[in-house]
2 protein chains.
Amino acid sequence: MSVPCICTTLRSASRRMIAFYDETIAPVGVNIAQFSLMRSIARVEPVTLTALGRRVELDRSTIGRNVRVLEKMGLVELGRGEDQREATVALTEAGHKVLEDGAPLWDGAQKALDDRLGVEFMRQLHVALDSL
Amino acid sequence: MSVPCICTTLRSASRRMIAFYDETIAPVGVNIAQFSLMRSIARVEPVTLTALGRRVELDRSTIGRNVRVLEKMGLVELGRGEDQREATVALTEAGHKVLEDGAPLWDGAQKALDDRLGVEFMRQLHVALDSL
DNA sequence: ATGGATTGCGGGTATATGCCCGCGTAAGGC
DNA sequence: GCCTTACGCGGGCATATACCCGCAATCCAT
């Protein structure tokens with residue numbers, strides 16, 4: 001009894017980390033999920049929603065909705081692919097600027113954790129989480 | 001570049017684990033978040049929403065909403081505390097039965113992970129995540 | 001080329017989660 | 001005992017996330 005499952009522990013840690021990163025990245029006007037998604041877009045833009053979803057392991061409909069929020073914020077632009085079914089997404093100037101401005105904040109959060117817990121610990125944690 | 005932040009890695013791992021546990025626990029009719037919350041309730045019922053929220057580190061409003069879903073499912077009962085402001089929650093018979101029936105499923109998921117990754121690995125991961 | 005299978009989306013539905021506001025109750029200071 | 005402060009909640013608002021359905025476009029085998 002009272003042994004929490006790894007899932008609960010993971011969800012809890014995830015919520016705490018999200019709160020920490022959200023606060024860190026807040027000055028540029030997005031949350032960490034949005035920042036992270038924009039970083040993913042930046043690497044392959046323009047990209048279709050389905051392809052992006054596969055890359056980041058999120059449901060396509062989730063990508064579609066999240067991207068629409070970013071569109072309303074003027075950070076990404078939606079377009080059509082050669083295949084008329086495809087909806088593509090790419091960062092706007094403003095979007096690129098957010099990534100640029102956010103990078104040092106993001107680095108700061110990363111560094112704060114490395115300092116507190118040790119680079120090696122963080123590296124191993126990364127590997128461990130990826131193996132789940 | 002391309003170094004994903006621990007937050008992203010954590011969120012991703014969390015989603016995967018949630019999907020795994022959701023599937024595992026699905027036969028009893030709840031998801032892992034609900035099962036986990038019910039387990040927490042079981043340890044201290046009847047308990048006020050605020051007290052429960054503090055225990056599980058969730059916003060009170062989140063607890064309130066999640067508990068209402070469980071109430072509609074007939075798994076918990078809401079009541080009033082001595083303090084007229086307080087709303088209390090306790091498991092119903094059906095709720096206790098879900099925990100009982102779900103326990104072996106939950107154990108199975110736990111064991112599957114222990115087998116695949118090693119008990120010691122899982123123990124260390126627990127400790128690591130709690131330290132975040 | 002034509003009809004069936006596949007693919008890509010949008011929208012509906014549902015849960016999880018956090019923050020903020022306003023209301024009503026309880027507790028404390030004087 | 002009264003008034004101010006603190007506390008507990010519900011509801012509103014917003015995001016993240018998944019699954020399913022139906023539509024439209026594309027592809028493929030015959």
Side-chain angles (χ1 to χ4, degrees), chain A residues 7-8 10-23 25-26 29-38 40 46-73 75 78-89, chain B residues 7-8 10-23 25-26 29-38 40 46-73 75 78-89:
Chain A
C7 183
T8 302
L10 202 46
R11 289 199 312 129
S12 180
S14 185
R15 285 195 301 269
R16 285 196 300 276
M17 201 53 75
I18 288 170
F20 174 58
Y21 269 83
D22 274 355
E23 196 173 346
I25 207 70
V30 297
N31 64 33
I32 191 59
Q34 296 168 331
F35 191 75
S36 176
L37 182 57
M38 288 173 64
S40 295
V47 61
T48 69
L49 302 190
T50 295
L52 183 56
R54 266 197 272 268
R55 280 184 74 87
V56 300
E57 295 184 277
L58 283 176
D59 190 86
R60 191 200 50 66
S61 69
T62 298
I63 296 290
R65 295 172 208 291
N66 292 1
V67 149
R68 238 171 292 153
V69 173
L70 292 174
E71 188 193 22
K72 252 188 285 185
M73 299 169 81
L75 303 179
L78 296 179
R80 282 282 150 191
E82 292 179 33
D83 184 330
Q84 286 303 301
R85 291 170 302 185
E86 295 175 342
T88 64
V89 61
Chain B
C7 183
T8 301
L10 201 46
R11 290 198 311 128
S12 181
S14 185
R15 285 196 301 270
R16 284 195 300 277
M17 203 54 73
I18 287 171
F20 174 58
Y21 270 83
D22 274 356
E23 197 174 345
I25 206 71
V30 297
N31 63 33
I32 191 60
Q34 296 167 333
F35 190 75
S36 176
L37 182 57
M38 287 172 65
S40 295
V47 60
T48 69
L49 302 189
T50 295
L52 182 56
R54 266 197 271 268
R55 282 184 73 88
V56 299
E57 295 184 276
L58 283 177
D59 190 89
R60 190 199 51 66
S61 69
T62 297
I63 296 290
R65 297 172 207 291
N66 293 0
V67 148
R68 237 170 296 154
V69 173
L70 292 174
E71 187 193 22
K72 253 187 282 184
M73 299 169 79
L75 302 179
L78 296 180
R80 282 281 149 191
E82 293 180 31
D83 184 331
Q84 286 303 300
R85 293 169 301 183
E86 296 175 342
T88 64
V89 60

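Below, chain A is the first sequence line, B the second, and so on; all start at residue 1. Because the structure is a prediction, the values reported are computed rather than measured.
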Nucleotides 3-8 of chain C: which of its N/O atoms have a protein N/O under 3.5 Å away?
{"from": "C:dT7", "atom 1": "O2", "to": "A:Arg85", "atom 2": "NH1", "distance (Å)": "2.5"}

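Rounded to an integer number of Å, the gap from A:Ile63 CD1 to C:dG10 C1' is 15 Å. Following rounding to the nearest Å, B:Glu57 (CD) and C:dA16 (C1') show an atom-to-atom distance of 16 Å. In this structure, CG of B:Leu37 is placed 8 Å from P of C:dA16, rounded to the nearest angstrom. Here the P atom of nucleotide C:dT17 and the CD atom of A:Gln34 are 19 Å apart, to the nearest Å. What separates CG of A:Leu58 from C1' of C:dA16 is a distance of 15 Å, to the nearest Å. Per the geometry, CG belonging to B:Asn66 stands 16 Å off P belonging to C:dA14, to the nearest Å. Remark: C1' of C:dG18 and CD of A:Glu23 are 13 Å apart, rounded to the nearest angstrom. Between the CZ atom of B:Arg80 and the C1' atom of C:dG24 there is a distance of 10 Å, rounded to whole Å.
A 4.0 Å heavy-atom criterion places the boundary nucleotides of DNA chain D facing chain B at D:dA6 to D:dA18, written 5' to 3'.
The two residues B:Ala33 and B:Asn31 make their nearest non-hydrogen contact at N-OD1, 3.0 Å. Contact between B:Ile25 and B:Val30 at its shortest, heavy atoms only, is CG2-O, 3.2 Å. Here the shortest heavy-atom pairing between A:Glu57 and B:Ser12 reads OE1-OG, 3.8 Å. Nearest approach of B:Ser36 to A:Thr8, heavy atoms of both residues: OG-OG1, 3.3 Å.
Close to C:dC9, at under 4.0 Å from its OP1 or OP2, lies no side-chain N or O of A:Gln84. Contact between the side-chain N/O atoms of B:Arg65 and the OP1/OP2 oxygens of C:dT15 is not found at any separation under 4.0 Å.
Formation of a donor-acceptor pair under 3.5 Å by the B:Arg80 side chain with backbone atoms of B:Arg85 is found in this model.
From B:Phe20, atom CZ reaches atom CG of A:Leu10 across 12.5 Å, with rounding to the nearest 0.5 Å. In this structure, the separation between CD on B:Glu23 and CD1 on B:Ile18 is 13.5 Å, given to the nearest 0.5 Å. Going from atom OG1 of B:Thr48 over to atom CG of B:Asp83 covers 9.0 Å, rounded to the nearest 0.5 Å.
A:Asn31 comes within contact range of the sugar-phosphate backbone alone, with a heavy-atom separation under 4.0 Å but no base atom that close.
Across the interface with DNA chain D, nearest-nucleotide mapping of A:Met73 and B:Gly64 shows B:Gly64 to be the residue nearer the 5′ end.
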Given B:Met73 and B:Leu70, is the side-chain contact (heavy atoms from CB on, under 4.5 Å) satisfied, shown in steps?
CA-CA 5 Å; B:Met73 299 169 79; B:Leu70 292 174; 4.2 Å; yes

